[in-house]
Number of protein chains: 4
Amino acid sequence: MINRVILVGRLTRDPELRYTPNGVAVATFTLAVNRTFTNQQGEREADFINCVVWRRPAENVANFLKKGSLAGVDGRLQTRSYEGQDGKRVYVTEVVADSVQFLEPKSSSEQRGTTAGGGYYGDPFPFGPNQNPRSTNDPGFSRIDEDPFANDGQTIDISDDDLPF
Amino acid sequence: MINRVILVGRLTRDPELRYTPNGVAVATFTLAVNRTFTNQQGEREADFINCVVWRRPAENVANFLKKGSLAGVDGRLQTRSYEGQDGKRVYVTEVVADSVQFLEPKSSSEQRGTTAGGGYYGDPFPFGPNQNPRSTNDPGFSRIDEDPFANDGQTIDISDDDLPF
Amino acid sequence: MINRVILVGRLTRDPELRYTPNGVAVATFTLAVNRTFTNQQGEREADFINCVVWRRPAENVANFLKKGSLAGVDGRLQTRSYEGQDGKRVYVTEVVADSVQFLEPKSSSEQRGTTAGGGYYGDPFPFGPNQNPRSTNDPGFSRIDEDPFANDGQTIDISDDDLPF
Amino acid sequence: MINRVILVGRLTRDPELRYTPNGVAVATFTLAVNRTFTNQQGEREADFINCVVWRRPAENVANFLKKGSLAGVDGRLQTRSYEGQDGKRVYVTEVVADSVQFLEPKSSSEQRGTTAGGGYYGDPFPFGPNQNPRSTNDPGFSRIDEDPFANDGQTIDISDDDLPF
DNA sequence: TTTT
DNA sequence: TTTT
């Protein structure tokens, strides 16, 4: 059973950062990944892929990425379902990122600090992998019952049960 | 823009083979990929991932895989949307397979032909990669307007426009 | 900085299990991965890829895989160099596995326990991912100075410094 | 048999472009991929991974990438061996790229053409995948007998037999 | 509901 | 030095 996804694309909007009742950070964002081929009409389309990151990298994502940022994701595909507002089951497929890579050159302010001579850009900022294992004495919580990507500002509907480990 | 997915899992049911108006084969199937970790309740859950293959490998999939078969997929993530039966847009994320690998030992009948001594299993059957480039003079067709995974036997609702290349 | 490798192939010989001075298990093995295309002479060649696993999964590999076993690897590419016996630097590229998947049907003895009627094979045995983080107070040891793949039975030349984390 | 490698890193020097006797382009380059973890001494090491691209993307690589460029590679691991200068067999593991992604912002000269206001960087240049299948009537040539990465300017030692397809 |  |  192998489940591995690697993506490089651009954020379609600013990431959203939320917290579980237990205080664990989760960030969600959508990557637009342009296809390498064109369609019948000669247009280059894109795939829009929902991604989730937990814990420390979630906060890095929220702090360093924004709409339009180029980012790499190494993770796994996850499917889940939840009760939609009209009472029927909604099925969701998303990428749970083990690590997120910031591929944008440092912003001009930071860049100033790196190396003289405009043309050079330092190393992309490496977000560490998701490494702190889930504490095993977490209290149980009911499963997530809202789509984190159809979110409108609430901070209450993510459960600690959704932690990948 | 990198978009790569690799999966190993088992088919949740027999694959479905259909043809576009242009006669191009498409097979769809769902892979159950067991997670490597257990949830709060100590159960091992699975992700159920919809996959699509086009052309020659589609027919191989239909001929050699069935419910329960262990298979590997190397492909890319695709998102699309279609008009649901209630008139609202349905968003879909699925894997378009470049190649599908049959990881089941040969069946006992075939196995008979390989090597004596029950304990031995021949090579997994290698489906070739999707290699014939799409002919560029394909006539245009309207986009797919049904979810191929919510299919109930029709054979008419897949468009040549959905060919990955 | 993304570095991800996924392989499915067969072991060219039994895995070798060794221990660092600190008692950490390491297994090495070579996967033969058949190419999907044939060469000029119409022959199907293979790539022979050296793999390394650390800790618990190392012992699983040693216990459950043997020459000819079909296995999946999810890991990263690593390069290192060491002083060859003739005093010149030897450069090595190998895969450090995060997880190894046993893709062989259960052996006939175990199989007996699963389901009657030869044709059915249970779930492939899932080796867990490499999960116990390296203790940070490990004493220092000198770097590895022999190729673990050119090994002839010694058990002394692997250093704790080679632990991936 | 699955064989997939995805890398994002920086070129350690300018790529080398050569041609087979048959006129097919091959580019070779080495990617430095920083590890996400630090070693015993708290230093962040890197892996140095040799990559090969054939045909059209080879020329794109030679034209658009140079020492220090950030690039993504999607390909497969290949092993080969050749007769070293001292007569003994040298074993080589390298990545054969299906596609190479240029992840550097457009250079200031090109950038000028895109959008006003220095802060904006256009799309990374997408190298197409390796798509023209090898012509099957290529004359045969003897196998490569020099390491393309230990190259010192010759252009004669790459064989058409090394084409991935 | 999409990025460059 | 290679597996099926």
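Just so we're clear, the structure is a prediction, and the values are computed from it rather than from any experiment. Residue numbers begin at 1 in each chain, while the letters A, B, ... track the order of the sequences.
Among E:dT3, E:dT1, F:dT2, the nucleotide with an atom closest to any side-chain atom of B:Y91 is E:dT1. Checking E:dT3, F:dT1, F:dT2 against every side-chain atom of D:R89, the shortest atom distance belongs to F:dT1. Nearest to the side-chain atoms of A:T12 among the listed nucleotides E:dT2, F:dT3, F:dT2 stands E:dT2. Distances from the side chain of C:F48 to the nucleotides F:dT2, E:dT2, E:dT3 place F:dT2 closest. Comparing atom distances between the C:A32 side chain and each of F:dT3, E:dT3, F:dT2 picks out F:dT3 as nearest.
The nearest whole Å value for the distance from the CG atom in C:L103 to the P atom in F:dT3 is 19 Å. Distance CZ (A:R13) to P (E:dT3): 10 Å, rounded to an integer number of Å. As rounded to whole Å, 12 Å separates atom P of E:dT3 from atom CG of A:D14. Atom pair B:L77:CG and E:dT2:C1' shows a separation of 16 Å (rounding to whole Å applied). At whole-Å resolution of the value, CG in A:N50 and C1' in E:dT3 are 13 Å apart. Atom CD of A:E43 and atom C1' of E:dT3 are 16 Å apart (whole Å). Note: CG (C:N34) to P (F:dT3) measures 11 Å, nearest angstrom. For the pair C:L11 CG and F:dT1 P, the interatomic distance rounds to 20 Å; values are reported in whole Å.
Of the possible donor and acceptor atoms, one in the side chain of C:R10 sits under 3.5 Å from a partner among the backbone N and O of C:G68. In this structure, D:T79 contributes its side chain and C:F48 its backbone to a donor-acceptor pair below 3.5 Å. Judged by distance alone, with hydrogens and angles left aside, the side-chain atoms of C:E104 form a donor-acceptor pair with the main-chain N or O of C:L70 at under 3.5 Å.
Across all strands shown, C:G68 has heavy atoms under 4.0 Å from sugar-phosphate atoms exclusively, and none from any base.
Side-chain contact between C:V73 and C:I49: absent, with no pair of heavy atoms (C-beta onward) separated by less than 4.5 Å.
In this structure, the side chain to side chain donor-acceptor pair (under 3.5 Å) partners of A:D74, at least two apart in sequence or on a different chain, are A:R4, C:R4.
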